[in-house]
Engineer: 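First the structure, then my questions, so here it is.
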Amino acid sequence: MSETPAILFVCLGNICRSPMAEGALRHRAKVAGLDIVIDSAGTGGWHVGEPPDARAQETALRHGVDISALRGRQVSAADFSRFTHIFALDEDNLEGLSRIAPQHHEAHLGLLLDMVPRLEGRPVADPYYGGPEGFETTWEQVDAAAAALIDRLAR
Ligand code: 4NP
């Protein structure tokens with residue numbers, strides 16, 4: 001790829017799933033020595049300016065990744081010209097993105113787990129209202145997607 005890849009992860013609140021995906025990819029990109037622009041956003045605006053959910057922070061930190069400095073923001077149509085790849089964490093977020101997408105854009109828009117063999121078409125389930133094990137599953141899934149992305153971009 002000649003252009004620097006710029007990857008945006010989008011969930012509903014931008015305090016659980018997408019900041020965990022951002023943290024996982026930032027960590028793997030650093031280890032791989034790859035220059036990638038990485039960000040996350042929410043389709044909803046309730047948590048703009050807030051740090052990730054404490055449970056998301058704890059889970060990431062247990063895996064060696066500090067996401068405490070991230071802050072929530074809402075996705076916008078302008079993101080379609082700033083990013084080369086926009087990954088929705090579930091189908092609802094993909095629909096929300098399709099609704100705000102400019103008529104003509106060059107960004108790749110898709111479901112995050114389509115990147116992961118055997119998880120194609122699956123959502124990263126929202127862990128917000130569940131127990132701590134949900135956050136661990138979220139981490140495993142977003143980190144598998146991050147590994148797949150690094151694999152692709154390193155080729
Ligand atoms: P996320 O989780 O989309 O993974 O960040 C959520 C966080 C907050 C809400 C919903 C989902 N909420 O309704 O406030």
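We count ligands from 1, going down the list as the structure has it; atoms in each ligand are counted the same way.
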Engineer: A side-chain contact here means heavy atoms from C-beta on lying under 4.5 Å apart; do Leu89 and Val142 qualify?
Structural biologist: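 Leu89 reaches Val142 side chain to side chain.
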Engineer: Could you please provide the protein residues found below 4.0 Å of ligand 1 on a heavy-atom basis, arranged by chain and number?
Structural biologist: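 Near ligand 1, by chain and number: Cys11, Leu12, Gly13, Asn14, Ile15, Cys16, Arg17, His47, Asp126, Tyr128, Tyr129.
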Engineer: Which residue, Leu25, Ile7, Val10, forms the side chain to side chain contact (heavy atoms under 4.5 Å, CB included) with Phe87?
Structural biologist: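 Option passing the side chain to side chain contact (heavy atoms under 4.5 Å, CB included) with Phe87: Ile7.
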Engineer: Side-chain donor-acceptor contacts of residues 107-115 below 3.5 Å, not counting sequence neighbours, with atom names and distances?
Structural biologist:
residue	atom	partner	partner atom	Å
Asp114	OD1	Gly121	N	2.6

Engineer: Is there side-chain contact between Asp90 and Cys11, with at least one heavy-atom pair below 4.5 Å?
Structural biologist: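 Sidechains of Cys11 and Asp90: no contact.
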Engineer: Hydrogens and angles aside, do His63 and Glu140 bring a side-chain donor and acceptor to less than 3.5 Å of each other?
Structural biologist: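 No, no side-chain donor-acceptor pair sits under 3.5 Å.
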Engineer: Heavy-atom count check: over 12 atoms from other residues, nucleotides or ligands less than 6.0 Å from Arg152 CZ?
Structural biologist: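 Counting other residues, nucleotides and ligands, CZ of Arg152 stays at 12 neighbours or fewer.
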